[in-house]
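Just so it is clear, the structure is predicted and the values come from calculations on it, not from any experiment. One-based numbering, in listed order, for ligands and for the atoms of each.
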Amino acid sequence: MRTQVGIVGAGPAGLMLSHLLSREGIDSVIIEDQSRAYVESRIRAGVIESWAADLLVETGVGARMQREGLVHEGIAIALNGERRRIDFKRLTGRGIMVYGQHEVVKDMIKARLAAGGQIEFEITEASVHDFDGRAPKIRYKQGGEAREIACDFIAGCDGFHGICRPSIPNGVLTEFERILPLGWLGILSQSPPPAPELIYSYTDRGFALYSMRSPTVSRLYLQCAPDEDLANWPDDKIWKELKARLGPGGDKLLQEGKVLEKGVTAMRSFVVEPMQTGRLFLAGDAAHIVPPTGAKGMNLAIADVLFFSQALAEFYRSGKTALLEDYTQKCLERVWKAQRFSWWMTSMLHLNPDDGPSDRRRQWAELDYVTSSEAASKSLAENYVGLPIE
Ligand code: APR
Ligand code: PHB
């Protein structure tokens with residue numbers, strides 16, 4: 001089979017790329033090694049920056065998000081239970097959209113298929129070839145049968161553990177990696193969140209985050225070890241700790257519910273430079289991972305594919321390659337700013353096992369400053385709602 005852009009991975013990056021390209025009249029095919037049901041139910045983050053929410057709406061895939069998503073105009077930072085609000089709307093004029101990543105994935109798969117887009121699920125043995133020339137190829141198996149996609153460009157949207165990045169010859173990429181001694185134990189619960197807005201809670205027991213997917217479904221996280229064994233965390237222990245990290249009165253504020261999902265995420269910062277070689281372009285988690293504290297992962301994936309789709313549109317319109325050549329530079333400017341913000345939020349809010357009493361006092365001073373100074377809270381707010389794009 002032949003297409004213009006062969007896309008590996010049907011996460012937010014691959015799906016949004018295919019969607020944006022179709023609007024430019026550019027043909028693409030997506031291959032995905034998981035099933036449709038699996039990718040549509042995989043629980044991930046749930047905060048969409050305001051420009052990205054606008055982009056989903058403007059390009060026709062935001063209707064359900066507008067109906068069911070929750071627009072938040074601020075967050076709370078709690079210091080040992082004392083909640084202080086950061087008012088995004090007042091500080092930046094904008095808010096954020098709280099809507100699960102898997103809901104975005106569902107909406108985009110539906111839109112792609114309705115528009116005649118091609119997504120091959122449950123493929124195996126994907127491999128990428130000849131991207132140093134003008135005729136790259138993707139090979140894979142579908143139901144045991146060997147297939148090939150001949151294309152002009154390959155988009156590696158296959159996440160951190162995908163095959164595209166490792167297919168790039170040694171010596172081309174420089175990897176920047178920082179593995180943090182921190183993890184999050186996350187649950188999804190059939191119960192209302194403790195407050196209508198997200199609470200980032202700094203406590204002597206460690207960090208906790210109280211987020212949500214809807215007024216009746218909470219997404220709650222506890223700071224834990226990166227290799228924390230879930231077997232040591234029966235539901236009642238999780239609830240007890242979540243209540244304790246909400247501060248005084250936490251047991252009354254937090255309603256328990258049926259635990260729908262439970263998992264541990266280890267934290268890392270990771271970036272490759274460049275994000276492209278020849279006609280293979282990486283986007284999203286395939287090229288970079290941020291610690292989750294700033295909720296930037298999905299937003300960076302969407303920004304990458306917006307830039308890539310613009311570059312491809314220019315190329316197919318005029319034959320010009322300037323934007324394609326600029327792709328890495330354009331993405332990484334944003335990626336490193338998101339790395340900085342996520343690192344800063346993470347280091348300010350977590351109990352770092354290597355820290356001593358002076359570090360704790362400095363963190364306290366920083367949180368006190370960020371929640372009381374107009375300038376400092378504005379800096380947090382403008383990064384959280386999303387830096388300007390374009
Ligand atoms: N062949 C085909 N598909 C693959 C392969 C492979 N060899 N390896 C991985 N995939 C698929 C995965 O199953 C997944 O559906 O690629 C997709 C990658 O999607 P994501 O991991 O969601 O990555 P991305 O689209 O870049 O979105 C980034 O996801 O992990 C979160 O926090 C992150 O929110 C961010 C977002
Ligand atoms: C989430 O709702 O899953 C979430 C929200 C904010 C974060 C991280 C995750 O910073």
M345: heavy atom below 4.0 Å from ligand 2, yes or no?
->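 Flag not set, M345 not near ligand 2.
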
Could you verify whether a donor N or O on one side chain and an acceptor N or O on the other, from H161 and D285, lie under 3.5 Å apart?
->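 Checked: H161/D285 side chains show no N/O donor-acceptor pair below 3.5 Å.
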
If you measure only the distance, is there a donor-acceptor pair under 3.5 Å linking the side chains of S269 and R178?
->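 No pair is found: no donor N or O on one side chain lies under 3.5 Å from an acceptor on the other.
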
Ring centers of F176, W336 separated by less than 6.0 Å |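 Aromatic pair counts; centres sit under 6.0 Å.
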
Tell me which one of [options] gets a heavy atom nearest to [atom].
| atom | options | value |
| --- | --- | --- |
| atom 12 (C) of ligand 1 | E32, M298, H288 | E32 |
| atom 1 (C) of ligand 2 | M212, K296, R44, R213 | R213 |
| atom 7 (N) of ligand 1 | I163, V128, L282 | I163 |
| atom 18 (C) of ligand 1 | G9, A301, C157 | C157 |
| atom 1 (N) of ligand 1 | G284, G11, G14, A126 | A126 |

Residue W343 excluded, over 12 heavy atoms near CH2 under 6.0 Å |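 No, because the 6.0 Å sphere around CH2 of W343 holds 12 heavy atoms or fewer from other groups.
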
Q329, CD: over 12 other non-hydrogen atoms inside 6.0 angstrom =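 Atom CD in Q329 is not crowded, with 12 or fewer foreign heavy atoms closer than 6.0 Å.
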
Indicate, with yes or no, if V5 and I109 share a hydrophobic cluster defined by side-chain heavy-atom contacts under 4.5 Å among Ile, Leu, Val, Met, Phe, Trp and Tyr.
->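 Yes, same cluster.
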
Give the atoms of ligand 1, by number and element, whose distance to some non-hydrogen atom of Q101 is under 4.0 Å.
->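 Contacts of ligand 1 toward Q101, numbered from 1: 22 (O), 29 (O), 31 (C), 34 (O), 35 (C), 36 (C).
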
For ligand 1, is any non-hydrogen atom under 4.0 Å from D285's backbone (N, CA, C, O), its side chain (CB onward), both, or neither?
->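 The answer is both, backbone and side chain.
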
Proximity flag A45 to ligand 1, non-hydrogen atoms under 4.0 Å |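 Per 4.0 Å heavy-atom rule, A45 does not contact ligand 1.
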
P292: numbered ligand 2 atoms lying under 4.0 Å from its heavy atoms |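 Under 4.0 Å from P292, ligand 2 has these atoms: 7 (C), 8 (C), 10 (O).
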
